[in-house]
Amino acid sequence: MSILGTRVLRTEDPKFLTTGGVYTEDVVDDRLDGAYHVFFVRSPVAHARIRSIDVSPALAAPGVVAAYTGADLAELPIIPPSAAGLMNVEMTQRLLAIDKVRFVGEPVAAVVTEHPYQGEDAVELVEVDYDPLPAVLGFEPDDSSLLFEAAGTNVAGNWGEASSLKPDLFDGCDVVVTHTIINQRVAPAPMETRAAAAVWGDDGRLTAWVPNQGAQGTRDSLVTLLGLEAGQVRVITPDVGGAFGAKFGADPEHAVVAWVSRQLGRPARWTETRYENLIAMTHGRAQQHTITIGGSRDGDVQAYRLVIVQDAGAYPKIGAILPFLTILMTTGPYDIPKAEAIAKVVVTNTTPIGAYRGAGRPEATAALERAMDLFATEIGVDPADVRRKNLLPPFTEPHRTAFGALYDSGDYVTALDKALAAAGYADLRKEQATRRASDDVRQLGIGVASYVEITGMGDGEESPPEENATVEVHPDGTATILTGTSPHGQGHATAWAMLASEELGIPVEKITLQWGDTDLIPVGGGTGGSRSLQHGGAAVQQASKELIEMARLRAAAQLEANAADLVFDKSRSAFAVAGDPEASVPLTQLAENERLLIRTVFTAPGATFPFGTHVAVVEVDTETGKPTLTRVITVDDAGRVLNPLLAEGQRHGGIAQGAAQAFLEEFIYDTDGNPLTTSFADYPFLSATEVPSFELADMATPTTYNPLGAKGIGEAGTIGATPAVQNAIIDAVSHLGVRHIDMPASSRRVWQAIQQAATTEPGSEH
Amino acid sequence: MTRIELTVNGEKRSDEVEPRLLLVHYLREVLGLRAANVGCDTTSCGACTVLLDGKSIKSCTVLAVQAAGHDVVTAEGLAPDGELHPVQAAFRQNHGLQCGFCTPGMVMATVGLLAENPHPSEEEAREALEGNLCRCTGYHNIIKSVLAAADATEVSA
């Protein structure tokens, strides 16, 4: 029986459950003996000129070895904005701020100490004289105060031009609804904060331990940030305590730790506090959407426009690229005859925006699914019916959208109907009607969100996605896999072992996975964008199959038989001559004579497009506004499932994070740009009491883009659950005249919306 | 510096420590027991949860000197080498962990919970673990693990 598709328990777990993972801060290594500890002095103001920095009081403190400012690192490369050619080239960053600070938390100086506790004291002693400037905030900043004077504007760039919008897009529509909504800023907040450990060898090479999502990308970032030659950096990836998109590449702090180590000729380490993590690790989302949707009174959506403003934070990083993905997925799973989308990217005096679970696609779905509900409410048709009427019909040949996305396969109506059936949708609507009729204090809300997303993207169609794998069988009957992916909770060690085991006949427990050491695995795409199984897993399967074919030739020579006459007996992990099982040779014996090892690269024809429908059920207390999430039912079709245990885990985690954005989490600044949610006491990080257990319905439509038939599953939850929960909360109070509540739809916002609706003319907006 | 004597995972310990040294740093840096993690600055996340005299506590909010004379158990000491405690086994069986960072704390909090309430309802389990944060699992399989551990055996701390 095949091991594929079964619920194999994780081989990783015993360690994590007993001695714990070895995260960067836990790494014990001779090379790091005697390491200094690096601490960062961070800007306490959102926008200011730096008049002077005096590190001397810190240098006089016990245990302080050195202290550095931007001036000391001035010869290091200037960090350009992302999306070269589209973003303003003047919007550059330094590893430590020089002349100006642009967000609370920006590193201004680094203090180096013998012991960690000394650093916590010493950073307080660095004296920085700031000349405050007006903070630039919000989605429509004017240019009265500029983050980058040389740029002459706070607009970093545009994806599409406003002049391209068609004034007649909604001509012929019976009904047109428009609304401006906010997809708020949230903190990725992995449980493990950022960290680094660095040491330079006598050969002038840097070895850096960094929590990351792809060691090769982190290596390349460090090479660039430090102005080194390729080959001068080795990155080693310890266990990583969650990432969610925010641990790609390397941040300025990582580079400074490496620079400090070289400067002092000693290893150096850094682990940030949660306060630092919340203000200085990239944030996610932060888009404003002006959605306009038009169609017929019977529910036919005929036109849709999405106008995006992306707050990129203080420096245009990955955040500046997110609108590209949002625009790509504008029309989602629907057949909308006319649609257009543009985006403007602005800089503000806030923490830079980066990737966060879904990265641009949840934003597209949130906008579209809100638009669908606004339209459905306006015409008085059930929102599920409006969706069914407009979903693309099932297709097995790739479908090209007006925005250039090539959907590989999809069956969106079935996903919707499965989710509605699993939820008991009709009964829920009956219960809702009963509660409305009796004016129940606890009103029921039902939210639906259909989605399609993109996973496993390459760099355009000219550069298709690929990943490599190396598989080796050892004489002792064990096997090793090297992968270019980078697990940090996803369970690749188990999943990749399952794929190899299936081909090699070696038990999962005897297969070891290695990743994240750039000297061992120089090439790799890491883990993100839900790419790992469909590329990295496919590569492991391909390598294993190729290894068997290579071994077959060796076995034929050894057995003096025709290769075609050999059968591979998985139960013995051995080749035997057909009809003569006595004449056999196991892989272990072949490995004794010569290393039995193969490296291969799997190339996919393109990205895949998982899809599904989420249904959320909430109760809203109409007297307090408090929403309680009571059920989440999802269909997430990510193709064929390798290990349901792991796939379900990905769905659960994503659903919770998605729901958290809908009704709890928001990273907040005051009007001066001071962050207000700088600890887990203030940032409403989702806890176990705020979500129910989830109800998952299965659907698996294989893709033809890889032999596993698998699409990505890592981000489905944050794409479907966010609008489903938001729609549910609004639905609970829509009969009171509420049309929209921005996320997070917290008790306060819901209560305010109810009060506002009560004092507004029936039928008008809000 | 102050001398403290305490029991950690069944072994007597005696060390000179700075009075301000946190218990979690004593465990991690002095004893090299690094299963307990520091995930926040505000006693909010519970990644550092250990047992103190059989009760689960957040070791980031206890000074090492306060633990003097007491009995501390960490995830490393929950079961003999090479074995899993029933709570650890339940977490593995139910995929109650992903990145693993919150896991030792989550396991110790669960052991503490089951010592007080051997058969919690789902709601009670969720309430009891409110102070232990996880970003990966959505809590679904953690709660499943807790309830399975409660069913599996009478767990004692």
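A, B, ... follow the sequence lines: proteins, then strands. Residue 1 opens every chain. If you're wondering where the values come from, they're calculated on a predicted model, not measured in any experiment.
Looking only at distances, a side-chain donor or acceptor of Gln98(B) sits under 3.5 Å from a matching main-chain atom of Gly649(A). Side chain of Arg135(B) to main chain of Glu192(A): no donor-acceptor pair is present (N/O by atom type, distance under 3.5 Å, no hydrogens or angles). Remark: side-chain polar atoms of Tyr23(A) are paired, donor with acceptor, to backbone N or O of Gly100(B) under 3.5 angstrom. No donor-acceptor distance shorter than 3.5 angstrom exists from the side chain of Tyr275(A) to the backbone of Asp41(B), with no hydrogens or angles considered. No side-chain donor-acceptor contact under 3.5 Å links His652(A) to the backbone of His140(B). Although no hydrogens or angles enter the test, the distance criterion places a donor-acceptor pair under 3.5 Å between the side chain of Arg126(B) and the main chain of Val691(A).
By the 4.0 Å N-to-carboxylate-O rule, Asp239(A) lies too far from Arg34(B) to be salt-bridged with it.
Considering only heavy atoms from C-beta on, Ser693(A) comes within 4.5 Å of Glu122(B) through its side chain. No side-chain heavy atom of Phe91(B) sits less than 4.5 Å from a side-chain heavy atom of Asp13(A). In this structure, Leu21(B) and Tyr117(A) have side chains that are in contact, with non-hydrogen atoms separated by less than 4.5 Å.
Shortest non-hydrogen contact noted between Ala656(A) and Gly138(B) is CB-CA, 3.3 Å.
There is no contact between Pro487(A) and chain B, counting heavy-atom distances below 4.5 Å. Of the atoms belonging to Leu278(A), not a single heavy atom falls under 4.5 Å from chain B. In this structure, chain B has a heavy atom under 4.5 Å from the side chain of Val28(A), while its backbone stays farther away. Contacts of Ala659(A) with chain B are absent, with no heavy-atom separation under 4.5 Å from either backbone or side chain. Only the side chain of Phe244(A) comes within less than 4.5 Å of a heavy atom in chain B; its backbone stays farther off.
Thr689(A) OG1 to Glu123(B) CD: the interatomic distance, rounded to the nearest 0.5 Å, is 10.0 Å. Rounding to the nearest 0.5 angstrom, the gap separating the CG atom in Asn141(B) from the CD atom in Glu648(A) is 7.5 Å. Here Arg274(A) contributes atom CZ and Cys45(B) contributes atom SG; the two are 7.0 Å apart, rounded to the nearest 0.5 Å. Note that OG of Ser44(B) is 13.5 Å distant from OH of Tyr683(A), once rounded to the nearest 0.5 Å. Distance check: Asp26(A) CG to Leu33(B) CG gives 11.5 Å after rounding to the nearest 0.5 Å.
Surrounding CD of Glu690(A) are more than 12 heavy atoms belonging to other residues, nucleotides or ligands, all under 6.0 Å away.
For the set Leu84(B), Thr42(B), Val107(B), Leu97(B), the entry with the most heavy-atom pairs within less than 4.5 Å of chain A is Leu97(B).
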